[in-house]
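As structure tokens, the structure follows; a few thoughts come after it.
Side chains are part of it too, since the values below use all heavy atoms of this structure and drop only hydrogens, waters and symmetry mates.
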Amino acid sequence: MIGAISPKKEAWIELWQGPLPGMLWTTGALLVLVSAGTLILGTGLAWLTTMYDFPGRRIFTWSLMLPLAMPAYILGFVFLSIFDFAGPVQSAMRNFFGRDVWFPNVNSIWSAAVVMTLTLYPYVYILARLAFREQTSATYESARLLGDSRFNAARRVILPMARPTLAVGIALVMMETLTDFATVQYFNVKTISVGIYQVWQGMFDRETAVELAALVLLIAVIILAVERVFRGQAKYYQHGGSRGLRRVKLSGWRRNVAIAIPLVVLFLAIAMPIAQLLFWIFKSPAVVTDLSRAFEFLSNSLGFAIAAAGGAAFLALFAAGGARFSGRPSVRRAARLVIIGYAVPGPVVGIGVLVMLTWVIESSGANPTNVVLLSFIGLVYAYIVRFMALAYGSIDASLEKITPSIVDSAHTLGAGPTRVMRQIYFPIARSGAIAGAFLVAIDVLKELPIALLIRPFGLTTTSIWVWQLAAESRWAAAAIPSLLIVATAILPIILYLRSDKRFHSPALEQSRPIPDSRKVKK
Amino acid sequence: MNDLQESSQLGTELAVDTIDVMVPSSRKGLEVDSVYKKIDSRPILLGIDLKIDPGESVTLLGPSGCGKTTLLRVIAGLERPEAGAVRLGDQTLSDPHSFMPPEKRQIGMVFQDWALFPHLDVAHNVSYGLAKDNEKRETIVENILEMVGLSGLGSRMPSTLSGGEKQRVAIARSLAPQPHVLLLDEPFSNLDTSLRASVRSETRSLLRDLGMTTLFVTHDQEEAFILSDEIAVMDSGVIRQQASPHEIYERPHDLWVAAFIGNANLLPGLAEGTTAQTVLGAIPLAKSAFGPQTLLLRPEQIHLEPGSSAQVKRVEFYGHGCTYWIDFNGTELIVRSTSKPSFTSGETVALTYQGPGVAAYPKESSEKEAR
């Protein structure tokens, strides 16, 4: 990162006269397309499942999040295989309409935008649902009584109140889009991130790569600034009235459309790619069976996932505790700094760590063994920087339960600071730490750009393996590792989200009596 | 559980024999001696003096933001005062040279939100303050739970309890280590109105039976009058008066206290020793005074009869009595009667004073104090 702060003039001129303007334009266009797409799809689906009742709504409510488990670099090549010239869709159309049937060019920014929208919309969907859920029916009903139609009440009351949350979701989506350099390459879309990667991998031109990374960082900062402006100082809290918005039961053609939309989304984002991956495996086992190194790649992935998850959870435990309970404002601020990594694009973190590593290696004159070890540490470090926020958020949420008066009352009952740590803080933070570590591990398993940039020479993880095969158009061979990644990512999402009460309707589901398991014990 | 249902089965009959387990080994009094405290460079406590005799119950009463809770936290050791001393019996808890941390003080505290440990069941919450090697741990927990009417709920988690039950767990937890003093910070304010009255008198009699030295904090006057032997009226970081509820009501120390407690009619008068001349005629004074004075007349001390000197503006009927708002030559007076309304609004009436000697405050000072 230090290198990024002092750009060299010549490097910029060279970039500017070369491919840079084109890359900038492409990046901007992709950002606009994907954020518009996710905003419409995510908010729309959240609106549908919050405000309307139709058969299957409960299942859709959580299953619409499953695309979180489908990395864009997997959906991308499956998409390509199905819709490109030789794929089944175009072949069938040629058979039916003749040779000259028109079909949109698959290798375009539009295809990339569709693929990224389908994999990224859950960020907006989840946040939009939370924003709608938090609103009480009273506000909406007041708007209706003051003369607003359903649509106007939504436009004038519910959406403005959800705006700060939606801004966060879109910012997340834009970050992911900005920094993706794997998926876009399938579609020949040259964004700045692709530029960084190619400059780095192709020429090992650290200077230029760092300059480009600085540019990506600048765009990221602009996105965050815009998000701040959109979110404003607004924080709309609502008190009392636990009853959420009332759902309207749909019937007739409206009901059918309401069922069809989520079905189509789920088909395109989950069912179709999984079916295609399975199809490859069963159709041409011969191509697929080169699994000689699969175990090695998988254990590499798991090793990184466990190391990063453990490290992130451990550090977050102290950071979150410090942020909440330290008496000194400086400690509280410093502790919150650790979560900034999640807002920094993966490749930027990657290159920053890489530059640091190169410097360490060069200045220490390390031997090859140490270089491998250093890259290993560097990769784990980059993962921790990047994903710490997940562990932090999860732990911080569980610490909400510890009000200041709880700590105070422990003191008045005779507990000193260490006993409070041991008996109050750690037991309560534990579930959050476990959940947080879990989330970090899943993200590390799926993660591609940082792994590609920093991996020790010759070391391959499952995600890199998939990407290398797909980049060589050996799609069938990539089927098994792809399914492996999707499966590891999808199971926890199902387990976790189905049980997440916040996500379901507050009125109906939360009125269930709380099961008292402890009672049985005694 | 339904809150109403619960109020009837509340720790109803204090099992008398369990009290023996609970009586503090030695009763100690509490003394706060000119304590000053700033928070974020804003002065909160400006020289507080407060004394609670062993086994006595005092309530701190004052408007929101007057520093009640801060004073409680200073006593508990959760805040360190800038000046002044806090003493428990003959032991100094804090003075400018020393500060005993809260965990060493043996002062119990019940918080407004009860602050139960969410990850521990009721029994473990209650036993939290007991020493690990205390052999009677289980017996004590059982006895205390029985005492507060929660027998058999030891294995429940706090999140499954109703508000009234949580409140009782909080009290049980703070009583378990047998503290010298119990502090309660608005402990009833999170309860439903229907439940509050019964839990309040319940808690009061429990603590009285235990002979616990107690300090309540509340902003609710009714609560203050019911709960304690003495009330300390607090305003803007100082204690204006500490006395029995009766004395506070009858003889407020100054006009601010007079106006803060109950409804007050403040009437100008010219004192001539034991009586004062007012627009209502001669009114007896509690203490002899001379010159221009402001007299405190409580609403129930003024009586209405048919006449023409004043006019009824408004009447409110409560069933057990009623309140009149009277316009007396442009001055508004409040009059309370225990009978049903005998005048309606718009009628003219005459006013007479009936009651013992009233409190009077010299005119000059009164202007300042009444703000």
Exercise. Give, for atom CD1 of B:I75 and atom OG1 of B:T70, the distance between the pair rounded to the nearest 0.5 Å.
Key: 11.0 Å

Quiz item: Within a radius of less than 6.0 Å around CZ of B:R137, do more than 12 heavy atoms belonging to other residues, nucleotides or ligands occur?
Solution: yes

Practice problem: Without swapping roles, check the side chain of B:H219 against the backbone of B:G65 for a donor-acceptor pair under 3.5 Å. | Solution: no

Self-check item: Heavy-atom pairs under 4.5 Å with chain B, option from A:P404, A:A410, A:P417 with the top count
Solution: A:A410

Quiz item: Roughly how far, to the nearest 0.5 Å, is the OG atom of A:S394 from the CG atom of A:D396?
Solution: 9.5 Å

Quiz prompt | Residues in residues 105-114 of chain B near chain A [non-hydrogen atoms, under 4.5 Å] | solution = B:I107, B:M109, B:F111, B:D113

Exercise. Could you check which of A:T403, A:I428, A:V407 has the highest count of heavy-atom pairs closer than 4.5 Å to chain B?
Key: A:I428

Self-check item: Contacting moiety of B:P177, where chain A heavy atoms sit under 4.5 Å
Solution: side chain

Quiz item: Between B:F117 and B:Y128, what is the ring plane arrangement, given parallel below 30°, perpendicular above 60°, and tilted in between?
Solution: tilted

Quiz item: Side chain, backbone, both or neither: which part of B:L183 has an atom under 4.5 Å from a heavy atom of chain A?
Solution: neither

Quiz item: With no hydrogens and no angle check, is any side-chain donor or acceptor of A:T61 less than 3.5 Å from a backbone partner on A:R57?
Solution: yes

Quiz item: Is the backbone N or O of B:E31 less than 3.5 Å from a side-chain atom of B:R87, with the two atoms forming a donor-acceptor pair by type?
Solution: no

Exercise. Measure the CD-OG distance between B:E186 and B:S64 for me, rounded to the nearest 0.5 Å.
Key: 7.5 Å

Quiz item: Which region of B:R73, side chain (C-beta onward) or backbone (N, CA, C, O), has a non-hydrogen atom less than 4.5 Å from a non-hydrogen atom of chain A, or is it both or neither?
Solution: side chain

